[in-house]
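See below for the structure under consideration.
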2 protein chains.
Amino acid sequence: MAATREKTPAKRADAQRSIEAILDAAVRCLSRNPDASVSEIAKAAGVGRVTVYGHFPNRADLVDAALRRAVEEGHAGLDAVDLDGDPREALARLIDSSWQLVSQSRLLLIAAQDVLPPGRIRELHAGPAERIERLVERGRDEGVFRVDLPTSWLVGVMHSVMHGAADEINAGRLTQDKAAGYIGATLLAAFAPPAELAGK
Amino acid sequence: MAATREKTPAKRADAQRSIEAILDAAVRCLSRNPDASVSEIAKAAGVGRVTVYGHFPNRADLVDAALRRAVEEGHAGLDAVDLDGDPREALARLIDSSWQLVSQSRLLLIAAQDVLPPGRIRELHAGPAERIERLVERGRDEGVFRVDLPTSWLVGVMHSVMHGAADEINAGRLTQDKAAGYIGATLLAAFAPPAELAGK
DNA sequence: CTCTTGTCGAACACCGGTGTACGAGTTACT
DNA sequence: AGTAACTCGTACACCGGTGTTCGACAAGAG
């Protein structure tokens, strides 16, 4: 209750600013290159390498903090999306406003995978993942999404296609503006109940 | 003429055997960990680290050779697959006998990406990629695959879903035997022409 | 203003990977 | 058998990243 921001009993405004900058830079660097060194991150943050070690005991903790920040930022941004109504349209909305975010976190996730214990990552992803799973489940209940494949698989396909789109953009074979449409068209078709079962 | 096997004027049988073992181990190690060191590979091959440098000037050249071998092995294995008949069934056959192979090469590809010039990778992948593209094109011409999305995108989706399946297996959320079925069911739905256009 | 806190740069030891050199021992061609 | 090719272990120099220490200095909080 005492401190709205953090649990630390006392932290100078100067330090807060540095930590902010470091975390910000860490997310940026690690999203570009999962093997980014502490020196790189420090330079990108506009601080000395030693300063980084002053706030984070080691590289692993820094990566953890960066991932945590990226996840909660994304989570907050997605809260605005309306997930009610036709699940298909809701899915399209969700894709439209989140696919880029998810694909950017991909490299950062790889960075985390090299350093963090396995359980930690799944722990941080529990929140956002649940949101999508609920939407898919609802679509299945309403009969607009297929039930012959597990929900977890469908969610996985969603991730894969988004990441694939990011790769295509990186490779210059796809433009940013077309991506969302392609992803939506692909996933809606993949999620739809198979024709054979619809007729029966 | 002089040597039926290789262009090298003279290569002892002993050396050939070593090179074989090294390449084999390199594919195995790099597929498991893209950052595998030369020492690791040498150990896995049952030879000394120095021997490796005796045959490959540096790590990059070794990775290149490993990738080349993996690609041509995969290419050869896929030659047996019958790609005639209904494109949908042909696609299912291709998936069934290749998805595992493709997903394994994924990490190796990452290894190559860190070391090799960008053009080189696309060059090595030209052969196999063309095979799939032809099949997809034929399916589009015959009206069983959708044409509202580019061929390159469809091929990309195929890759993404396969890789996603591999990840799911690694994470223990999917079993090997179910994977091929899931992939096929997903891709056939994603590739099918959208319902609205089918009626026309 | 004073004093605590934070920042910075340089320097250090440590580790692990790369690529090279040497010398002795082994293996295959002819 | 004799010779060239190959292998192996050790050792070395080099590089880059990590985490720590030190001392000087700036900036915020009281």
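In what follows, chains are A, B, ... by sequence order, proteins preceding strands, each numbered from 1.
- As a whole-Å value, the separation of A:N33 CG from D:dG17 C1' is 13 Å.
- For B:R59, the listed nucleotide lying nearest its side chain is C:dT18; candidates were D:dT7, C:dT18, C:dT7.
- Side chains of A:H159 and A:R106: a donor-acceptor N/O pair is absent below 3.5 angstrom, by distance only.
- Among B:H163, B:K178, B:R173, the one residue that satisfies the side-chain hydrogen bond (donor to acceptor under 3.5 Å, both in side chains) test with B:E168 is B:R173.
- Nearest-nucleotide assignment on DNA chain C puts the 5′-proximal partner with B:S39, out of B:S39 and B:R12.
- As rounded to whole Å, 16 Å separates atom P of C:dG17 from atom CG of B:D114.
- Salt-bridge formation is detected for the pair B:R120/B:E123: a Lys NZ or Arg NE/NH1/NH2 atom is positioned less than 4.0 Å from an Asp or Glu carboxylate oxygen.
- Put simply, the side chain of A:T186 does not reach to within 4.5 Å of the side chain of B:F191, judged on heavy atoms.
- For C:dT7, the OP1/OP2 oxygens have a side-chain nitrogen or oxygen of A:S18 closer than 4.0 Å.
- Looking at B:R49, its side chain comes within 3.5 Å of the base of C:dG19 through a donor and an acceptor atom.
- Nucleotide C:dT27 holds its C1' atom 15 Å from the CD atom of B:Q16, rounded to whole Å.
- Closest to the side chain of B:K11, from the set D:dC6, D:dT18, C:dG6, is D:dC6.
- Computed from coordinates, the B:I19 CD1 to D:dA5 P distance equals 15 Å when rounded to whole Å.
- Atom OH in B:Y53 sits roughly 19 Å away from atom C1' in D:dC6 (whole-Å rounding).
- Between the CG atom of B:D14 and the P atom of C:dT27 there is a distance of 9 Å, given to the nearest Å.
- Within the 4.0 Å cut-off from OP1 or OP2 of D:dT7, at least one side-chain nitrogen or oxygen of B:H55 is found.
- Rounded to an integer number of Å, the gap from B:D35 CG to D:dG16 C1' is 15 Å.
- If you check D:dA29, C:dC29, C:dT7 against the side chain of A:A13, the one that comes closest is D:dA29.
- Atom CG of A:N58 and atom C1' of D:dG17 are 14 Å apart (whole Å).
- When the nucleotides C:dG9, D:dA27, D:dC6 are ranked by their closest atom to the side chain of A:V50, C:dG9 comes out on top.
- Side-chain atoms of A:V161 and A:Y182, non-hydrogen and from C-beta on, never get closer than 4.5 Å to each other.
- When distances run from any side-chain atom of A:T51 to the nucleotides D:dC6, C:dC8, C:dG6, the shortest one goes to C:dC8.
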